[in-house]
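The sequence lines fix the lettering, A, B, ..., with proteins before strands; numbering per chain opens at 1. For clarity, every value in this text was computed on a predicted model and none was experimentally measured.
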There are 2 protein chains.
Amino acid sequence: MTVVLRSDDMRRRNRLRIIQIVRRKGAVSRGEIAQSTALSAATVSTISSDLIAEGILVARGSETGASTGRGRPSVNLSINPRFRHAVLIILKIGAVNVTIIDFAGTVIAHQDFHLDMANLTMDAFRQALVSEIRQTWDASGLDNDQLARIWVGVQGTTDIAGKNVLRSPMTPLTNIPIGRWLSEEFRAPVRIANDCDLIAKALNWRDPRLYSCNFAAILLAHGVGMGLFLRGQIINGTKSSGTEFGHMLFESDGALCRCGSKGCIEAYAGDYAIVRRFRGQPGDMKPASHVVPGEIARIANAAREGDELARETFASAGRALGSGLAGIFALVDPFRVVFVGHGAIAFDLMEPALREILENSNAFAARDIPIDLYVDEMPLVLEGCGIGALSEIDESQADKVSEMARS
Amino acid sequence: MTVVLRSDDMRRRNRLRIIQIVRRKGAVSRGEIAQSTALSAATVSTISSDLIAEGILVARGSETGASTGRGRPSVNLSINPRFRHAVLIILKIGAVNVTIIDFAGTVIAHQDFHLDMANLTMDAFRQALVSEIRQTWDASGLDNDQLARIWVGVQGTTDIAGKNVLRSPMTPLTNIPIGRWLSEEFRAPVRIANDCDLIAKALNWRDPRLYSCNFAAILLAHGVGMGLFLRGQIINGTKSSGTEFGHMLFESDGALCRCGSKGCIEAYAGDYAIVRRFRGQPGDMKPASHVVPGEIARIANAAREGDELARETFASAGRALGSGLAGIFALVDPFRVVFVGHGAIAFDLMEPALREILENSNAFAARDIPIDLYVDEMPLVLEGCGIGALSEIDESQADKVSEMARS
DNA sequence: CGATTTTTTTTGAGGCTTGAAATAAAGGGC
DNA sequence: GCCCTTTATTTCAAGCCTCAAAAAAAATCG
């Protein structure tokens, strides 16, 4: 329901809007901000000089570039890269990636660690994680109070607050309180997000025109996940993050899935499912925990060279994915879909079967949905993590308006 | 993205909030409004005296009821019933219901018309509809300028703007511009909404504690429809309203649905599907266009008395519904579900099969979702239509702030 | 009938946005 | 090199809006 507005809410919102515009456009003059926000030049001037005084923005008059002709040249405002920093952590099976970015999003430091979480106690995991982050941060030479936010991207589900990892394929541990560990250790707010949600967030940031209101990012990797935007909001349930698209039912009593159920989409379209089928292994065989990198590409090549079993393997993956999408498209009008991850290299082999399922579904508008491909998911996960962390800092800074007014 | 705020947006929002609170609570004092909005008493006083002067609210000091003790008695504010009126139209197969409500939601006039739309031309439909509304309005004796809003509830899909009926089972006509017909004729804004969406809206209005963030209302009637709230918003696609839950696939190559496809949920749980199966007719038999009222209740009684075929008929309906829900619960965490319509009288017969499907699904939190039943859907459809129309009038009146300020 | 209590209105202050005027900082022309 | 023109930004005064405090209103109680 509508929320009541106080006087300073106005300033808060307008500050945030200006920060967001500068963040998106990189460098932009006060006049352009006034135009694109429909705020008056006077207001933009007041707010932006506050933001500069607070160190959030910087004015870079010298780099205005080619003079545009007569008149006082406009001064571009940019995000002050040194205002704050964020730590981004990507947890994968067997590895921890730690990245430090400045307030403009530039990578300041990056380290990859191997960490086999399959046999780790809760406490050993905590110690390893903390020491790896500490090591990367110390190497960057930044002051501790520069660390404004920590965002963690994981495969698996988290609680709605983004403080705990509920379940993840990287470890048998459950309810891992990573949020508490890191916020106590590093004295900064922490948020944990699902990797597919971060991919969707990154796409939304990269190209809001294509990826804004309704779209889905489907990650085709060892498992199958989805990041879903509906009405401009990430849909991820009330209790856990990350939609369980890969575990929608495709065929009752069908192939065995990692989750223990039978017939999930993932059991046809995940890496292990494709390998299992291509090798002629039975559908109820226990899913392999790991697939050799490049294996999917090799099977795809075999299919392209005419191998019938390989062709049928990908066709069946396409049918599983198409059937899941058709189910969603019965609820929400069809929308743009992005396939991300190394499974996307074989999308040409899955597409005919997928499109056929959609065409025969009742969602008649589904036949021509646009589908995009991104084979490498890691840049997207990292980017989504970064923009998430920076946006949160933006919001916290916009809220500081009342404190500033007092001083 | 965040939207910029101007000075008068604040007043607009606070006006709307106060109107909404009075509408919900019926009669409420200025002091209580101040408390529940966190606005100051001064602001509430200013705004509410504006609203009274504009005729939107009325102060009814006399009816304060039992004196609460010492001190100046509080004066309750209420919606002024005579401020404006709304016309609500429910289109059903073979019938048009016209209802006129005042600004407090009280029914002023109501007429039911028989209208067989199966064989009507576009123009004949227009003329019949207009004349029936005109007749009801004229009988009410209200001035024409009292008609502030027309809301139409239909089975079928509408465009996103709610101006046209795209497809509906009540007529073979498509793209029916009812919005334009009525707004031209009655000089009032018109909105057309799907009946299931209206049911969900009504439930949300009746009990926001149970039905607010995520829930679904499933209409079990001749067909099967769904009104879906996610994150507090009605989800209904970008192009059409009403989710097509009934046309999610339950069994590939299964029973024949009204829509022409095979295996839809509706082809197992709709009236015609239950009758077809109970009579031992083949699943590919063309769906009956009409089922005698009370027939479902009779079959349900047969099942309760031990008829095996009847029991299996409802069990299969339960499985179809459960399978559709399981698909949704793989995307969004499980939520409260309401079954509405005469099909709900047999819910006890469907529930075991439905729950079993959910328990065996991967959405492990789905096993205990609360399920409510409302056998009679018409009061909900009408109520949703009414609250929709009145809320729109509220919003338009809150926006009048700038005009008032000028005078 | 006056004191007390509770609700509502009035008043003055402070914050926010805005249009207009003023100022700043270029390029162009002579 | 100097003044005019042009464009960007800042300053200023005015108008709204909300709020806290004071005043007024309207009961009950003794």
Side-chain angles (χ1 to χ4, degrees), chain A residues 3-18 27-35 37-53 57 59-77 398 400-407, chain B residues 3-18 27-35 37-53 57 59-62 64-77 398 401-407:
Chain A
V3 157
V4 144
L5 244 40
R6 321 280 205 68
S7 184
D8 49 337
D9 292 323
M10 195 160 36
R11 174 54 70 93
R12 215 192 308 277
R13 288 270 289 269
N14 293 344
R15 275 168 65 98
L16 178 58
R17 187 86 180 91
I18 289 178
V28 60
S29 73
R30 293 168 177 84
E32 291 172 274
I33 294 175
Q35 223 169 2
T37 56
L39 287 169
S40 70
T43 304
V44 174
S45 175
T46 311
I47 293 179
S48 57
S49 72
D50 280 359
L51 293 174
I52 290 170
L57 301 185
R60 296 195 295 182
S62 53
E63 299 176 29
T64 311
S67 63
T68 47
R70 321 238 292 182
R72 176 179 178 175
S74 60
V75 176
N76 276 345
L77 304 178
K400 292 256 168 82
V401 60
S402 40
E403 299 166 33
M404 299 306 298
R406 253 175 240 133
S407 57
Chain B
V3 156
V4 144
L5 244 39
R6 320 281 207 66
S7 185
D8 49 336
D9 292 323
M10 196 161 33
R11 175 54 69 92
R12 215 193 307 278
R13 288 268 291 270
N14 292 345
R15 275 168 65 99
L16 179 58
R17 187 85 182 90
I18 288 178
V28 59
S29 74
R30 292 169 179 83
E32 292 172 273
I33 295 176
Q35 223 168 1
T37 56
L39 286 170
S40 70
T43 304
V44 173
S45 176
T46 311
I47 293 179
S48 58
S49 73
D50 280 358
L51 293 174
I52 291 169
L57 300 184
R60 296 194 296 184
S62 53
T64 310
S67 63
T68 47
R70 321 234 296 183
R72 178 178 176 174
S74 59
V75 176
N76 276 345
L77 304 179
V401 59
S402 41
E403 298 165 34
M404 300 305 298
R406 254 175 239 133
S407 58

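Annotation for Ser74(A) and Ser29(A): closest pair CB-CB, 3.6 Å, computed over non-hydrogen atoms. Taking each heavy atom of Ala59(B) and Val75(B) in turn, the nearest pair found is CB-CG1, 3.8 Å. Smallest separation of non-hydrogen atoms from Val44(A) and Ile18(A): CA-CD1, 4.3 Å. Scanning all heavy atoms of the two residues, the minimum distance from Leu16(A) to Ala398(A) falls at CB-CB, 3.6 Å. Taking every heavy atom of both residues into account, Asp9(A) and Arg12(A) meet most closely at OD1-NH2, 3.0 Å.
Taking every side-chain heavy atom of Arg30(A) into account, dT10(D) is the closest of dT17(C), dA26(C), dT10(D). In this structure, of dT9(D), dA27(D), dA20(D), it is dT9(D) that holds the atom nearest to the side chain of Val75(A). Across dT18(D), dT9(C), dT10(D), the shortest atom-to-atom separation from the side chain of Arg11(B) is found for dT18(D). For Met10(A), counting side-chain heavy atoms from C-beta on, the closest listed nucleotide (dC29(D), dC17(D), dC16(C)) is dC16(C). Relative to the side chain of Arg6(A), the nucleotides dC19(D), dC12(D), dT9(C) differ in distance, and dC19(D) lies closest. Checking dT17(C), dA26(D), dT11(D) against the side-chain heavy atoms of Ile47(A) singles out dT17(C) as nearest.
Each of Ala41(B) and Ala42(A) was assigned the nucleotide of DNA chain D with the nearest heavy atom; the assignment lying further toward the 5' end belongs to Ala42(A). Closest-nucleotide positions on DNA chain C for Ala38(A) and Gly71(A) were compared, and the one nearer the 5' end corresponds to Ala38(A).
In this structure, Asp9(A) atom CG and dG14(C) atom P are separated by 20 Å, rounded to whole Å. Distance, Arg12(A) CZ to dT17(C) P: 12 Å, rounded to whole Å. One interatomic measurement links the two molecules: CG of Asp50(B) to C1' of dC16(D), which rounds to 12 Å at whole-angstrom precision. Following rounding to the nearest Å, Asp8(A) (CG) and dC16(D) (P) show an atom-to-atom distance of 21 Å. The CD atom of Gln35(A) sits 12 Å away from the C1' atom of dA8(D) (whole-angstrom rounding). Rounded to a whole Å, the CZ atom of Arg70(B) is 4 Å from the C1' atom of dT4(C). Rounded to whole angstrom, the span from the CG atom of Leu51(A) across to the P atom of dT10(D) amounts to 12 Å. Regarding Ile18(A), its CD1 atom lies at a distance of 14 Å from the C1' atom of dT9(D), rounded to whole Å.
For the OP1/OP2 pair of dC19(D) and a distance below 4.0 Å, the side-chain nitrogens and oxygens of Ser40(B) include at least one atom meeting the criterion. Between Thr43(B) and dC19(D), a side-chain N or O to OP1/OP2 separation shorter than 4.0 Å is present. The phosphate of dC17(D) (OP1 or OP2) has no side-chain N or O of Asn14(B) nearer than 4.0 angstrom.
In the interface, the side chain of Arg72(B) is paired with the base of dT7(C) through a donor and an acceptor atom under 3.5 Å apart.
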